[in-house]
J.: 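Sharing a structure, written as structure tokens. Questions coming.
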Amino acid sequence: PLPLVIIEGTTMQEGSGRKALLASLFFIFTACAGGISPQARSQISYFGPFSEVQQEPQKYVGEAVLWGGKIIETQIKDGATDLVVLQLELGGQDRPRDDDQSHGRFLIRSAQFLDPALYPQGTLVTVVGRLKEVQTRLIGEMPYAYPVIDPTEIKKWPTAIDSSPRLHFGIGIGTHF
């Protein structure tokens, strides 16, 4: 007979439930993947920190990355679109954490027209794409090296909604419409 495997208080014959367990784990992990598709996620080749790329961007040209941040500006040039993005760390479901913790900026260069009305300043985005080149631009009067991403997939996040509990306590008689 096959040995028994105990998982969280249940027993099953080894092998008989292994496929079901693996399938369950697969669906749990992919359901937590959030806005980026499994196809785009499978192309990622660099999993290190953004700050490392920022220090030596030329070294990482050709790598596929998963980055996120907040749009600073949307620029349209010759039918293509550059999204200037302030890098932010990714949180749950790969949504950028909207805080003051950034390691720099990067560009998302899309060959398609991305309407600035749909990608306005302040929009949170997550991108999977290849580091295509490094482009130096000015921030004020300071030269800045921007890693340029050729996007495979861009996830535009909806504006955060207040998710605090809506509890109201009261005594008395009243109506609610």
J.: Should Arg109 and Glu133 count as an ion pair when the cut-off is N to O under 4.0 Å?
T.: yes
J.: Stepwise, does the side-chain contact (heavy atoms from CB on, under 4.5 Å) test hold for Leu124 with Lys155?
T.: CA-CA 8 Å; Leu124 295 176; Lys155 167 67 177 176; over 6 Å; no
J.: Out of curiosity, Phe113 CZ to Asp78 CG, how far, rounded to the nearest 0.5 Å?
T.: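 Output value for this atom pair is 13.0 Å.
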J.: Angle class for the Phe106/Phe50 ring planes (parallel below 30°, perpendicular above 60°, tilted otherwise)?
T.: tilted
J.: Among residues at least two apart in sequence or on other chains, which ones pass side-chain hydrogen bond (donor to acceptor under 3.5 Å, both in side chains) with Ser51?
T.: none
J.: So, taking the atom named OG in Ser45 and the one named OH in Tyr60, what distance separates them when rounded to the nearest 0.5 Å?
T.: 11.5 Å
J.: Under a plain distance cut-off of 3.5 Å, with no hydrogens placed, do Arg41 and Gln39 share a side-chain donor-acceptor pair?
T.: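 No - no donor-acceptor pair under 3.5 Å links their side chains.
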J.: State whether the number of non-hydrogen atoms from other residues, nucleotides or ligands found under 6.0 Å of Asp99 atom CG is greater than 12.
T.: yes
J.: Return the set of residues passing side-chain hydrogen bond (donor to acceptor under 3.5 Å, both in side chains) with Asp98 (not counting sequence neighbours), or none when no residue passes.
T.: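 For Asp98, the residues satisfying side-chain hydrogen bond (donor to acceptor under 3.5 Å, both in side chains) (neighbours in sequence not counted) are Lys70.
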J.: Using side-chain heavy atoms (C-beta onward) and a distance below 4.5 Å, is Arg137 in contact with Leu107?
T.: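 A side-chain contact under 4.5 Å exists here.
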J.: Do Thr81 and Gln75 touch side chain to side chain, with heavy atoms closer than 4.5 Å?
T.: no
J.: Assigning hydrophobic clusters by single linkage (Ile, Leu, Val, Met, Phe, Trp, Tyr; side-chain heavy-atom cutoff under 4.5 Å), is Trp67 placed with Ile36?
T.: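 Looking at the clustering, Ile36 is in a separate group from Trp67.
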J.: Among Thr126, Ile149, Leu114, Val128, which residue satisfies the side chain to side chain contact (heavy atoms under 4.5 Å, CB included) criterion with Ile154?
T.: Leu114
J.: Assess the side chains of Ser37 and Glu153: does a donor N or O sit below 3.5 Å from an acceptor N or O?
T.: yes
J.: May I have the step-by-step check of side-chain contact (heavy atoms from CB on, under 4.5 Å) for Ile72 and Val85, ending in yes or no?
T.: CA-CA 5 Å; Ile72 298 171; Val85 180; over 6 Å; no
J.: Between Leu83 and Glu73, is the side-chain contact (heavy atoms from CB on, under 4.5 Å) condition met? List the steps.
T.: CA-CA 6 Å; Leu83 300 177; Glu73 184 180 2; over 6 Å; no
